[in-house]
Amino acid sequence: MQNNHHKEHLYKILVIGDLGVGKTSIIKRYVHHNFSPNYRATIGVDFALKVLNWDQETVRLQLWDIAGQERFGNMTRVYYREAMGAFIVFDVTRPASFEAVTKWKEDLDSKLTLANGKHVATVLLANKCDQGRDVLTNNGIKMEQFCQENGFVGWYETSAKENINIDEAANCLVKHIMASENDMLQSEVPDTVTPQLEKDKGGTCSSCFRSQ
Amino acid sequence: MGQLTLPCFPPAEHCSQSVRKVEFEPLSTTALILEDRPPNLPAKSAEETQRHRQQYEQMVAGAKRRELKEAQRRQQQMKERFRQEEVISNATLVWNQHILPHWDTTKSSRRAQELWWGGLPPSVRGRIWSLAIGNELNITAELYEIFLSRAKEKWTSLSDTEDGASLAEPSVELITQDISRTFPSLCVFQKGGPYHNLLRNILGAYTCYRPDVGYVQGMSSIAAVLILNMGEAEAFISFSNLINRPCQLAFYRVDHQLMCRYFRTFQVFLEETLPRLFLHFQSLGLSPDLYLMDWILSLYTKPLPLDVACRVWDLYFRDGEEFLFRAALGILRLFQDVLLHMDLISVAQFLSRPPGEELLSDRLFSCILATPLLSGNRKWSQVSHLTNRVITVSKSQREIGSNELFCFPQVLSSCSC
């Protein structure tokens, strides 16, 4: 077991959603605290690391910024492996990007489950909320209900441009990831081997989550 | 810098008054430092005056030294620039007078090949690229016009229908999205920029010409670089032929099996040329697709500054697809020492945009030069052929799922041994 004084958590988090919804912008805002209207299209996958102090523990978030074009779908899905949480992003000014949300969620859930068989914690981000709320208001969608029905642990109206709700959304996700991690640790019966998503690397035990 | 003892000023409220009264207006730092203090303040002691003078002289001498050094550096820079300009203008002359007029017979001459390695002069780059890419597809300017008008018809019919954006063919929306974020720092492709329509035309015409491939992210940068170097129809012809090359087609169609073959072949050479880095990457679980996909699809316009990427294109058109992977090894070799001390996410992040250092082009190309693509005595094409056989064999032996086929370290180590 780890020394509780300096516990470090390492979580892999996916950022997915249709192209151009602002996935890269959200990550840049969250990690580098800046915004540019001109990020280049993500091809394949990009990466970022965010370190948080969380109740005297260190949380390191590996953010995997996955290309939005459907063509890359089969290719980039292998990057879902070992993720502990996800953001699914849509653009509030583009209804089509919201319609794709359920597709992304189903895809994620079908490709990725935690060791205890549950789905990974996923937060829905309604991005570009500084540019209007068309999708949210016009369709009469009840977001709370939508989240419940589709298994999101929460949703936020965000703006990478105006720095709205990004930290809040991330904190919500981290909170849920930690809860599910605890859940798994407790449900684990001693002296049994829990099958993992894949073979363990370098003898790390399945409950350590590569935290060291 | 030496520590200056600052004169003690009286508290702030007296200060503004005294300044007005005394009309103390130093003309320069000399005055500030060497003049006596204002009469309302206690005078400097002789010792202090002496110390201040010394400190002041030291500072002036230091500033002069720095200025001299800076001037020398600038001069050196100018000299270097003149030298480069001369090299380029000489090279341009040779290309224009001796090589280009007899392209078919002189392109493989030693002189041409050597000149080519140094990078093509911008003024002839477009012509040489278009000659080297060729036109296997026999596309004419007229054919381009036909596909362009089809694309334009599609755009107008889309903008006529209400709510066009959501009903639109995804590629149209996609192209519009991507054009706005193509080389944003150059400010020429964005809406209102001089090359905006040109880029849209070429990509739109291409999706009409090759609906089977369609628009794939990464293409906008490729077309943009071509537009920067040649005319519209010429750029379309080069673009279509370039995307039709086996390597590009494999990646733009996201053909797993073919891409994997490239990754596996690359792994063989990585292990051979940079064994320590290969092992480090393996221990991190960093498979080459994590960086190569981006590098190949963007043809190095994403990881490298534009001028360096263009030089990689020069050599890609000289040597063929194996140069793309040799360039990858060159980048890894150049940054090997830092990469060896990084974890997975840092390596992946680093490789998506390595730092644009001074003289990056020269340093990178000497690393590429030091990395001949040889495994034992096998060349790229031979190794590629062999890895293909391994895949076919192992596939027939035990049905591998498409995901597994992907270059995961486990699969790799089991296969490449």
Side-chain angles (χ1 to χ4, degrees), chain A residues 10-13 18-22 24-25 27 31 36-51 60-65 67-82 91 93-100 111 134-135 198-202 210 212, chain B residues 163 165-168 170-171 173-174 176-178 180-185 187 190 213-218 220-221 251-256 259 283-285 287 289-298 301-302 343-353 402-404 406-410:
Chain A
L10 177 68
Y11 300 134
K12 172 173 169 178
I13 291 176
D18 269 10
L19 66 126
V21 296
T24 305
S25 297
I27 292 175
V31 177
S36 149
N38 290 323
Y39 290 122
R40 295 169 67 173
T42 305
I43 302 166
V45 57
D46 273 343
F47 309 86
L49 184 71
K50 171 89 176 178
V51 183
R60 298 164 75 84
L61 303 179
Q62 282 187 356
L63 298 155
W64 289 55
D65 179 3
Q69 189 177 7
E70 212 174 333
R71 181 77 61 102
F72 297 121
N74 287 331
M75 197 76 190
T76 50
R77 268 175 212 134
V78 298
Y79 303 137
Y80 288 4
R81 292 146 33 98
E82 292 182 345
D91 172 353
T93 65
R94 276 166 46 214
S97 73
F98 177 70
E99 283 152 30
K111 303 284 182 315
D134 288 8
V135 174
E198 55 168 334
K199 284 167 212 154
D200 296 334
K201 282 186 202 132
R210 296 209 275 155
Q212 37 192 309
Chain B
D163 205 16
S166 58
L167 294 171
S171 66
E173 199 187 346
L174 236 141
T176 320
Q177 277 261 0
D178 270 6
S180 69
R181 40 187 191 173
T182 302
F183 297 115
S185 55
C187 300
Q190 284 59 41
V213 182
Y215 175 76
V216 185
Q217 294 194 301
S220 70
S221 317
F251 278 76
Y252 279 114
R253 281 183 162 156
V254 196
D255 182 326
H256 277 229
M259 284 167 88
S283 70
L284 296 177
S287 46
D289 52 284
L290 279 176
Y291 48 93
L292 278 185
M293 198 155 102
D294 191 24
W295 291 1
I296 303 291
L297 279 166
S298 75
T301 56
K302 213 165 150 233
D343 62 9
L344 171 74
I345 207 87
S346 313
V347 171
Q349 212 176 347
F350 184 94
L351 292 180
S352 71
R353 183 81 199 199
S402 62
N403 268 0
E404 241 182 303
F406 214 76
C407 298
F408 292 137
Q410 309 93 285

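Keep in mind that what you see is a predicted model, and the values were worked out from it rather than measured. Any value given below was found using the heavy atoms of this structure, including those in side chains, with hydrogens, waters and symmetry copies removed.
To the nearest 0.5 Å, atom CG of residue Asp46(A) and atom CG of residue Leu290(B) are 11.0 Å apart. We find the CZ-CZ distance between Phe251(B) and Phe72(A) to be 10.5 Å, quoted to the nearest 0.5 Å.
Between chain A and the options Val213(B), Thr182(B), Asp178(B), the largest number of non-hydrogen pairs under 4.5 Å is found for Val213(B).
Heavy atoms of Thr76(A) lying under 4.5 Å from chain B belong exclusively to its side chain. No part of Ser220(B) comes within reach of chain A, as not one of its non-hydrogen atoms sits under 4.5 angstrom from that chain. Only the backbone of Tyr252(B) comes within contact range of chain A, with heavy atoms under 4.5 Å apart. The part of Asp343(B) that comes within reach of chain A is its side chain, from C-beta onward, which places non-hydrogen atoms under 4.5 angstrom from that chain. Interface residue Ser180(B): only backbone heavy atoms are found under 4.5 Å from chain A.
Across Leu19(A) and Gln177(B), no two heavy atoms sit closer than the pair O-NE2, 4.2 Å. Contact record, Ile345(B) with Ala48(A): CG1-O, 4.1 Å, taken as the closest heavy-atom pair. Shown here for Ser298(B) and Ile43(A), the closest heavy-atom pair between the two residues is CB-CD1, 4.0 Å. Scanning both residues, Arg181(B) and Gly20(A), for their nearest heavy atoms gives NH2-N, 3.9 Å. Across all their heavy atoms, Lys302(B) and Ala41(A) have their closest contact at CE-O, 3.8 Å.
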Exercise. Can you check side-chain contact (heavy atoms from CB on, under 4.5 Å) on Arg40(A) and Thr301(B), steps first, answer last?
Worked result: CA-CA 11 Å; Arg40(A) 295 169 67 173; Thr301(B) 56; 3.9 Å; yes
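At a threshold of 4.5 Å between non-hydrogen side-chain atoms, the residues Asp289(B) and Tyr79(A) count as touching.
Not one N or O on the side chain of Gln217(B) forms a donor-acceptor pair closer than 3.5 Å with the backbone of Arg71(A).
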